[in-house]
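Below: the structure, in structure tokens.
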Amino acid sequence: MNILLWHVHGSWTTAFVQGPHTYLVPVTPDRGPDGLGRARTFAWPASVRELTPEQLRDADVDLIVLQRPHEAELAERWLGGRRPGRDVPAVYLEHNAPDGDVPDTRHPYADRDDLTLVHVTHFNRLFWDCGSTRTEVIEHGIVDPGHRYTGRLARAAVVVNEPVRRGRHTGTDLLPALSEAAPLDVFGMRTEGLAAHLGLPEDRCRAADLPQGELHGALAERRLYLHPIRWTSLGLSLLEAMHLGMPVVALATTEAVEAVPPGAGTLSTRPEVLARAARRYLEEPEAAAEDGARARQAALERYGLKRFLHDWERVMTEACS
């Protein structure tokens with residue numbers, strides 16, 4: 001099939017485009033949010049093709065994967081009046097947990113009879129009010145980076161984008177206390193100046209923004225993966241860390257309680273429990289490696305690429321029929 005989708009979430013799209021189809025990604029001269037085109041820092045196959053809005057007008061499109069509320073109008077305009085869900089089969093992919101008026105948050109695509117709404121976690125489907133719209137859950141899939149864990153650095157790795165702006169959502173306020181248990185290396189976009197913002201010395205809270213190819217190697221050198229996220233969808237970085245063989249220390253919130261099984265790390269709603277777990281991994285590297293190996297096995301079984309692509313094939317086939 002020829003599948004139209006916007007480049008919105010690089011990590012998720014990297015897994016999705018490993019399928020057997022042709023993926024049409026809009027590109028605009030400014031490469032803005034509605035026209036990013038192909039990824040620059042992720043490895044995408046040649047089956048991902050960039051098309052301008054002018055080229056899309058006459059393009060053969062079998063399915064549209066919508067990911068943001070305004071994309072339906074954008075698609076209709078760029079496809080020369082063809083309406084997603086009416087003239088071209090469509091699914092709406094919801095990446096995020098609801099934000100605002102929880103648990104009464106109404107989804108912008110609620111009560112639709114012309115498409116399927118796909119959630120990336122069961123938690124998201126539980127908390128979004130989608131009305132009568134047909135819903136599915138297709139859990140994440142990960143391109144396996146391999147078991148690369150060494151844990152040679154007695155530090156905790158955190159991956160979060162924009163920790164200053166997102167604040168309590170990402171548990172940024174919890175980092176000072178957690179840094180007393182384990183020095184932190186925080187990776188992600190717009191992490192510069194984080195230590196100063198939190199009033200921490202640089203050696204207790206270092207920050208860097210690395211491309212995915214370098215990020216995996218850097219994560220695997222840290223003793224543990226720390227996931228202090230209060231409210232978000234299930235972070236792909238958490239699943240990537242598990243694939244790498246890292247033990248997990250995470251807040252027991254949203255979908256993390258489903259993703260991290262017993263023996264793969266520590267989950268708790270009490271930050272002091274997470275601090276104790278982090279300190280233990282620093283003191284007992286063999287225990288960290290053992291729990292990390294169990295984390296990897298659990299991630300391979302539940303979030304493997306083959307299952308992910310199979311689930312999407314089923315949903316897309318149903319949508320097009």
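Source: prediction; values computed, not measured.
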Show, in sequence, the C-alpha distance, side-chain angles and deciding distance for L36 and W6, and conclude whether the side-chain contact (heavy atoms from CB on, under 4.5 Å) test is met. CA-CA 8 Å; L36 273 175; W6 275 262; over 6 Å; no
Tell me, with the steps shown, if Y23 and N2 meet side chain to side chain donor-acceptor pair (under 3.5 Å). CA-CA 6 Å; Y23 306 91; N2 290 332; over 6 Å; no
Salt bridge (Lys or Arg N to Asp or Glu O under 4.0 Å) between R86 and D113, worked out: CA-CA 10 Å; R86 299 296 184 187; D113 62 1; 3.1 Å; yes
Take R77 and E73 through the salt bridge (Lys or Arg N to Asp or Glu O under 4.0 Å) test and state the conclusion after the steps. CA-CA 6 Å; R77 178 153 44 90; E73 184 276 330; 2.9 Å; yes
CA sep, side-chain torsions, deciding dist, call: E301, R307, salt bridge (Lys or Arg N to Asp or Glu O under 4.0 Å): CA-CA 9 Å; E301 292 173 1; R307 188 275 310 155; over 6 Å; no
Give the C-alpha distance, both sets of side-chain angles, the deciding distance and a yes or no for side-chain contact (heavy atoms from CB on, under 4.5 Å) between E139 and T121. CA-CA 6 Å; E139 295 188 308; T121 71; 5.9 Å; no
Report the C-alpha separation of E240 and Q212 in whole Å, then their side-chain angles, then the decisive distance to 0.1 Å, and conclude whether the side chain to side chain donor-acceptor pair (under 3.5 Å) test is met. CA-CA 10 Å; E240 290 170 351; Q212 189 187 46; 3.2 Å; yes
For the pair D129 and D104, evaluate side-chain contact (heavy atoms from CB on, under 4.5 Å) and give the outcome as yes or no after the intermediate values. CA-CA 7 Å; D129 175 9; D104 297 321; over 6 Å; no
So V27 and L51, side-chain contact (heavy atoms from CB on, under 4.5 Å) or not? Walk me through it. CA-CA 6 Å; V27 63; L51 269 72; 5.9 Å; no
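In terms of modelled atom types and a separation under 3.5 Å, the side chain of R165 and the main chain of R190 share no donor-acceptor contact. No donor-acceptor distance shorter than 3.5 angstrom exists from the side chain of T170 to the backbone of I229, with no hydrogens or angles considered. In this structure, the side chain of W231 engages the main chain of P98 through a donor-acceptor pair within 3.5 Å. Checked by atom type and distance alone, the side chain of N161 pairs as donor or acceptor with a backbone atom of M189 at under 3.5 Å. Judged by distance alone, with hydrogens and angles left aside, the side-chain atoms of E284 form no donor-acceptor pair with the main-chain N or O of E286 at under 3.5 Å. At least one donor-acceptor pair under 3.5 Å links the side chain of R223 to the backbone N or O of Y281. Under a 3.5 Å cut-off, the side chain of T105 and the backbone N or O of D99 do not form any donor-acceptor pair. The backbone N or O of F187 lies less than 3.5 Å from no partner atom in the side chain of T191, so there is not a single donor-acceptor pair. Remark: the backbone N or O of A293 is not paired with any side-chain donor or acceptor of Q297 at under 3.5 angstrom. Side-chain N or O atoms of H243 include one that pairs as donor or acceptor with a backbone N or O of L239 at under 3.5 Å.
Closest heavy-atom contact between L244 and H147: O-CD2, 3.2 Å. When all heavy atoms are compared, the tightest approach of V249 to A278 is CG2-N, 4.2 Å. The two residues A157 and L219 come nearest to each other via the heavy atoms CB-CD2, 3.6 Å. When all heavy atoms of G37 and R31 are compared, the closest pair comes out as CA-NH1, 3.7 Å. The minimum heavy-atom distance between M1 and C320, with the atom names listed, is SD-SG, 3.5 Å. Nearest heavy atoms, A319 versus P89: O-CB, 3.6 Å.
Other residues, nucleotides and ligands contribute more than 12 heavy atoms inside 6.0 Å of the CZ atom of R204.
Ionic pairing of D291 and R296 is not present here: no N-O contact between side-chain nitrogen and carboxylate oxygen is shorter than 4.0 angstrom. In summary, R314 and E318 engage in a salt bridge, as defined by a charged side-chain N under 4.0 Å from a carboxylate O. Salt-bridge annotation for E50 and R38: absent, with no side-chain N of the basic residue lying under 4.0 Å from a carboxylate O of the acidic one. Residues E76 and R82 are not paired through a salt bridge, judged by the lack of any N-O separation under 4.0 Å between the basic side chain and the carboxylate. Ionic pairing of R230 and D173 is present here: one or more N-O contacts between side-chain nitrogen and carboxylate oxygen are shorter than 4.0 angstrom. Salt bridge absent: R166 and E162 never bring a charged side-chain N and a carboxylate O closer than 4.0 Å. Looking at E71 and R68, a side-chain N of the basic residue comes within less than 4.0 Å of a carboxylate O on the acidic one, giving a salt bridge. Between R134 and E136 there is a salt bridge, since at least one side-chain N of the basic residue sits less than 4.0 Å from a carboxylate O of the acidic one.
Within the 4.5 Å cutoff, no side-chain heavy atoms of F123 are placed close to those of L234. When side chains are defined from C-beta on, T172 counts as touching L198, because their heavy atoms get closer than 4.5 Å. No side-chain heavy atom of L251 sits less than 4.5 Å from a side-chain heavy atom of H227. Between M242 and V260 there is a side-chain heavy-atom pair separated by less than 4.5 Å. Annotation: side chain of W78 is in contact with side chain of P26 (closest heavy-atom distance under 4.5 Å). With a 4.5 Å cut-off on side-chain heavy atoms, L4 and L63 do not count as touching.
Looking at V61, I3, V48 one by one, the single match for side-chain contact (heavy atoms from CB on, under 4.5 Å) with L24 turns out to be V61.
By the rule that hydrophobic residues join a cluster once side-chain heavy atoms approach within less than 4.5 Å of another member, Y92 and L79 end up as members of one cluster. L267 and L175 fall into different hydrophobic clusters, where Ile, Leu, Val, Met, Phe, Trp and Tyr residues are linked whenever their side-chain heavy atoms come under 4.5 Å apart, directly or through other members.
Using a 3.5 Å distance cut-off with no hydrogens or angles, the side chains of N96 and S233 do not pair a donor with an acceptor. Between E255 and H122, the side chains place no donor N or O within less than 3.5 Å of an acceptor N or O (distance only, hydrogens not considered).
In this structure, the ring of F16 has its center no less than 6.0 angstrom from the ring center of W44. Under the 6.0 Å cut-off for aromatic ring centres, W128 and Y109 do not qualify, their centroids lying 6.0 Å or more apart.
Atom OG1 of T232 sits about 12.0 Å away from atom NE2 of H95, to the nearest 0.5 Å. Annotation: the span from L184 atom CG to R222 atom CZ amounts to 11.0 Å, rounded to 0.5 Å.
Residues meeting the side-chain hydrogen bond (donor to acceptor under 3.5 Å, both in side chains) test with R57, sequence neighbours left out: none. Judged as a side-chain hydrogen bond (donor to acceptor under 3.5 Å, both in side chains), and not counting sequence neighbours, the contacts of E313 are H21.
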